[in-house]
Amino acid sequence: MPELPEVEVSRMGIEPHVLDQKVVAVVIRNKQLRWPIPDEVHLLVGSPITAVTRRAKYLMLESEKGSAILHLGMSGKLRIIDKAVPVEKHDHVDIEFENGLVLRLNDPRRFGAFLWQEAGQQHSLLLKLGPEPLTDEFDDKRLFEKSRNKTGPVKNFIMDNHVVVGVGNIYANESLFKAGIDPRRPAGKISKKRYQLLTEKIKETLALAIKQGGTTLKDFTQSDGNPGYFAQELLVYGRGGKACTNCESTLLEVKIGQRATVFCKGCQR
DNA sequence: CTTGTCACCTGAGCGC
DNA sequence: TGCGCTCAGGTGACAA
């Protein structure tokens, strides 16, 4: 399900309901997510949430004791609901708050994670992450320099979390189309000028997607249960075999690094 | 070091 | 209806 925009939309949806709210219970129905949920997550109980933050596609519920770290994997969804709402299939975790609301994690494929980070510590998963795409730390200079000597396709390069975080399959496809770059082109052979455009398009695409409430394909919903509307803006993702919106030629679909890749042979070089 | 492949898991959609 | 197959928005772990 979620790429950075969907996670950020979830964060914004959750924050007003849980900020400064004391956690009264953490209910775990199935601890077998990508990793077993550690017992330490119960340390959240009794303290108010001091912040809801995001790093890459990880969400952090912070408290004085430490932070609960949530990752939605491919199929995870978070909802803010009343405690009385009946539990459904794949509702693995509830975080209950003093105000009677519950943050409920539903994740059919269980590629998501629910982990714990001691106050003042940095979880090992977060240590090696590259810069946030929507900050000034992510710029064309960095992209260009990191790409030298890279022989693999540029699409894999921009999806590499060491290079920049939060660019998943949808937005990699979309950004490369908007920048007019063939996703198969070796990352090390792209000019600085073209990386400048790509950097702009990545930022622009992610920012627009957040504004639209994320991309609803099958099952993404915002934390209020409403869908995101960015799917209407998709120019190439999921449109293999259809006409390019720019030149009308047929969009090609190939696999790059096991992932569906759609591009226009005419517009992307 | 880099690069590529596999694995984790469930559900939807398709052809037969 | 049912079976078997493929595919799906992520990413750590491992092999080469």
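Everything quoted here is computed from the prediction, not taken from an experiment.
If you take atom P in dC9(B) and the same atom in dC3(C), they sit 22 Å apart, rounded to whole Å. Straight-line distance between the P atoms of dT11(C) and dC1(B): roughly 22 Å, to the nearest whole Å.
Ion pairing between R55(A) and E132(A) holds under the 4.0 Å rule for side-chain N and carboxylate O. Ionic pairing of E3(A) and K57(A) is not present here: no N-O contact between side-chain nitrogen and carboxylate oxygen is shorter than 4.0 angstrom.
F157(A) comes within 4.0 angstrom of nothing in the nucleic acid, heavy atoms only.
For the ring pair (Phe, Tyr, Trp, His ring centres under 6.0 Å) test, no residue two or more places apart in sequence or in another chain qualifies with F138(A).
Residue R148(A) contributes atom CZ, which lies 15 Å from atom P of dT2(B) at whole-angstrom precision. Rounded to a whole Å, the OH atom of Y237(A) is 10 Å from the C1' atom of dC7(C). When the C1' atom of dG10(C) is taken as reference, atom OH of Y171(A) falls 14 Å away, rounded to whole Å. Rounded to an integer number of Å, the gap from I170(A) CD1 to dA8(C) P is 11 Å. We find that CG of N161(A) is positioned 10 Å from P of dG10(C), with the value rounded to whole Å. Residue E3(A) contributes atom CD, which lies 9 Å from atom C1' of dG10(C) at whole-angstrom precision. Protein atom NE2 of H123(A) is 14 Å distant from nucleotide atom P of dT11(C), rounded to whole Å. Atom CG in D107(A) sits about 13 Å away from atom P in dT11(C), given to the nearest Å.
At dT2(B), none of the side-chain N or O atoms of K146(A) fall inside 4.0 Å of OP1 or OP2 (strictly under the cut-off). Of the side-chain N and O atoms in H71(A), none sit less than 4.0 angstrom from OP1 or OP2 of dG10(C).
Ring geometry for H71(A) versus Y58(A): interplanar angle over 60°, hence perpendicular rather than tilted (30 to 60°).
Side chain to side chain, N106(A) and K89(A) fail the donor-acceptor criterion of an N or O pair below 3.5 Å.
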- Message: I need a per-nucleotide contact map over nucleotides 3-10 of chain B, read 5' to 3'. Cutoff is protein heavy atoms under 4.0 Å; write B for the base, S for backbone only, - otherwise.
- Response: S-SB-BBB

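Residue D107(A) comes nearest to L72(A) through the heavy atom pair OD2-O, 4.1 Å, listed as atom of the first residue, atom of the second, then distance.
E15(A) places no side-chain N or O within donor-acceptor distance of the main-chain N or O of R11(A), the cut-off being under 3.5 Å.
Applying the Watson-Crick and G-U wobble criteria (two distances, each under 3.5 Å), dT10(B) pairs with dA8(C).
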